[in-house]
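Take a look at the structure below.
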Amino acid sequence: NEYDWRKCEARFNAFPGFITEIDGLDFHFIHARSKHEDALPIIVTHGWPGSIVEQLKIIEPLTNPTAHGGSASDAFHVVVPSLPGYGYSGKPTSTGWGPDHVARAWPVLMNRLGYSRYVAQGGDWGAIITDLMAAQAPPGLIGMHTNLACAVPPEIDKLIWAGSPLPSDLSADEKLACDRLAFLSKNVQYALYMASRPQTLYGIADSPVGLAAWLLDHDPRSLEMIARSFDGVPEGLTRDDVLDNISHFWFTGTAISASRLYWEAVKAGVSFFDLKGVKLPVAVSVFPDELYEAPRSWAEKAYPKLIHYNK
């Protein structure tokens, strides 16, 4: 009885929102242009269990950096689309909308907006899609930034998922990354289920409590952070952040349609965190609460043109 969705609705409506059709599917996106003439266009892609609700916080600092301690040269024109089946985007009625297809759709969107030179950023599914887009190297994309690097060496990835012993010569950072990935491999039942039976999750589409439980308790470390935020401990997340995101899924009826991205990825043979073959310039940011902390050694091998790495 304390939560107010209208506040989130007002934040949405403060930015210009549009819908465009690409390959027969409607895509909703926010398009916030900077007042600075030489701003660099950027397309920002979210993940699951997130949504464009997450990106509402970063639009103002990116479009108007001078009001946030930056300079005009830091400015971006910001494009934030919703993934297929998420938010106000269309829900695919046929197969084929996997991460690789989304990666091909985003350059269409940017070109349609008149941007012939732009960069891309992603986290979670958005990181995978951004890596795939950079690997495809469409004309106009000059570089990318990721906060979840697809940098796990393929041989390490196989050993972790097989539960096999790891090489003995790993550095401390590499060992920590492997430990986090091993922990993750044992706590991704939600992902395995959505990848195999997304259409049977009727309960979360029929109950707001069921949906909240599914989105909240998807891995132990995230749930612990969310619980702390509800207990009044200052976190990057607030109670409203959490409830805004859940409500966005609920009011758009996208619990099941969003889950299908996992099935599509497996069907298309898309790996999660290993190398995608990116040759464009890449910037990597590593945050302590991410699914895993990509070591610099891995990032340098994954991205031959690594121009920035910040942990």
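Computation of the quantities below employed the complete heavy-atom set of this structure, encompassing side-chain atoms and omitting hydrogens, waters and symmetry-equivalent molecules.
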(message) Has H218 got a side-chain atom pairing as donor or acceptor with L215's backbone, closer than 3.5 angstrom?
(response) yes
(message) Checking the side chain of N245 only, and the main-chain atoms of P49 only, is there a donor and an acceptor separated by less than 3.5 Å?
(response) yes
(message) Please check: side-chain N/O of S229 versus main-chain N/O of E235, any donor-acceptor pairing under 3.5 Å?
(response) no
(request) For S207 and G203, indicate whether the former's side chain and the latter's backbone hold a donor-acceptor pair under 3.5 Å. (result) no
(request) For the residue pair P138 and L141, establish whether any side-chain heavy-atom pair is separated by less than 4.5 Å. (result) yes
(request) Without swapping roles, check the side chain of Y309 against the backbone of R296 for a donor-acceptor pair under 3.5 Å. (result) yes
(message) Using a 6.0 Å cut-off, check whether atom CZ of R228 has over 12 heavy atoms from anything other than its own residue.
(response) yes
(message) Please tell me whether S71 and D74 have a donor and an acceptor in their side chains that are separated by less than 3.5 angstrom.
(response) yes
(message) If we ignore hydrogens and angles and just use 3.5 Å, is the side chain of T254 paired with the main-chain N or O of S257 as donor and acceptor?
(response) no
(message) Hydrogens and angles aside, do N111 and Y118 bring a side-chain donor and acceptor to less than 3.5 Å of each other?
(response) no
(request) Indicate the atoms forming the closest heavy-atom contact of A151 with Y292, along with that distance. (result) N-OH, 3.5 Å
(request) Tell me, with the steps shown, if Y88 and S82 meet side chain to side chain contact (heavy atoms under 4.5 Å, CB included). (result) CA-CA 7 Å; Y88 302 108; S82 286; 5.7 Å; no
(request) Answer yes if the side chains of N64 and T66 hold a donor-acceptor pair under 3.5 Å, and no otherwise. (result) yes
(message) As a test of understanding, state which of W48, F273, Y86, Y262 forms a ring pair (Phe, Tyr, Trp, His ring centres under 6.0 Å) with W125.
(response) Y262
(message) Taking CG in D38 as the centre, count heavy atoms belonging to other residues, nucleotides or ligands within less than 6.0 Å. Is the count above 12?
(response) no
(message) My understanding is that only residues two or more places apart in sequence, or in another chain, count here; which of them pass salt bridge (Lys or Arg N to Asp or Glu O under 4.0 Å) with E9?
(response) R6
(request) Considering only NZ, NE, NH1 and NH2 on the basic side and carboxylate oxygens on the acidic side, decide whether R104 and D23 come within less than 4.0 Å. (result) no
(message) I'd like to check I128 versus C150 (side-chain heavy atoms, cut-off strictly below 4.5 Å). Are they in contact?
(response) yes
(request) Applying side chain to side chain contact (heavy atoms under 4.5 Å, CB included), run through F287 and N147 and close with a yes or a no. (result) CA-CA 7 Å; F287 296 104; N147 57 276; 3.8 Å; yes
(request) State, yes or no, whether a side-chain contact exists between N310 and V286 at a heavy-atom distance under 4.5 Å. (result) no
(request) Could you tell me which residues satisfy side chain to side chain donor-acceptor pair (under 3.5 Å) with K279, sequence neighbours excluded, listed by chain and number? (result) none
(request) Given side chain to side chain contact (heavy atoms under 4.5 Å, CB included), test L291 with R180 step by step and report yes or no. (result) CA-CA 7 Å; L291 291 173; R180 290 281 284 273; over 6 Å; no
(message) Is there a side-chain contact between D219 and V188 in this structure, where contact means two heavy atoms from C-beta onward sitting under 4.5 Å apart?
(response) no
(message) Quiz question: by atom type and distance under 3.5 Å, do the side chains of D100 and Q136 form a donor-acceptor pair?
(response) no
(request) Using a strict 4.0 Å threshold on nitrogen-to-oxygen distance, state whether E2 and R239 make a salt bridge. (result) yes
(message) Just by distance, no angles: are the side chains of E174 and S297 close enough, under 3.5 Å, to form a donor-acceptor pair?
(response) yes
(message) With side chain to side chain contact (heavy atoms under 4.5 Å, CB included) as the test, pick out the partner of L159 among P165, P153, P154, P167.
(response) P167
(request) Determine whether the side chains of Q121 and H145 contain a donor N or O and an acceptor N or O closer than 3.5 Å. (result) yes
(message) Taking CD in E37 as the centre, count heavy atoms belonging to other residues, nucleotides or ligands within less than 6.0 Å. Is the count above 12?
(response) no
(request) Evaluate whether atom CZ of R11 has more than 12 neighbouring non-hydrogen atoms of other residues, nucleotides or ligands under 6.0 angstrom away. (result) yes
(request) Give a yes or no on whether the backbone of G126 and the side-chain of T130 come within a donor-acceptor separation of less than 3.5 Å. (result) yes
(message) Closer than 4.0 angstrom, basic N to acidic O: yes or no for D173 and K311?
(response) yes
(message) With a 6.0 Å cut-off on the ring centroids, do W214 and Y190 count as close?
(response) no
(message) Is there a side-chain contact between L113 and F29 in this structure, where contact means two heavy atoms from C-beta onward sitting under 4.5 Å apart?
(response) yes
(request) Determine, stepwise, if the pair D131 / Y303 fulfils side chain to side chain contact (heavy atoms under 4.5 Å, CB included). (result) CA-CA 10 Å; D131 255 66; Y303 304 116; 3.1 Å; yes
(request) Find out whether L56 and I52 are in side-chain contact, i.e. whether some heavy atom of one side chain is under 4.5 Å from a heavy atom of the other. (result) no
(request) Would you confirm whether T63, through its side chain, and S34, through its main-chain N or O, come within 3.5 Å as a donor-acceptor pair? (result) no
(request) State whether K158 and D274 are salt-bridged, where the test is any N-O pair (Lys NZ or Arg NE/NH1/NH2 against Asp/Glu carboxylate O) under 4.0 Å. (result) no
(request) Compare every heavy atom of D244 with every heavy atom of C8, then report the nearest pair and how far apart it is. (result) CB-OD1, 3.4 Å
(request) Give a yes-or-no answer on whether the side chains of Y193 and S259 include a donor-acceptor pair shorter than 3.5 Å. (result) no
(request) Check for a donor-acceptor pair, side chain of K91 on one end and backbone N or O of G253 on the other, with a separation under 3.5 Å. (result) yes
(message) Within the structure provided, determine whether Q55 and F15 are in side-chain contact (heavy-atom separation under 4.5 Å).
(response) no
(request) Could you tell me whether the side chain of I246 reaches within less than 4.5 Å of the side chain of V242, counting heavy atoms only? (result) yes
(request) Please work out whether the ring planes of F27 and W97 are parallel, tilted or perpendicular, with thresholds of 30° and 60°. (result) perpendicular
(request) Taking H36 for its side chain and A75 for its backbone only, find out whether a donor-acceptor pair lies under 3.5 Å. (result) no
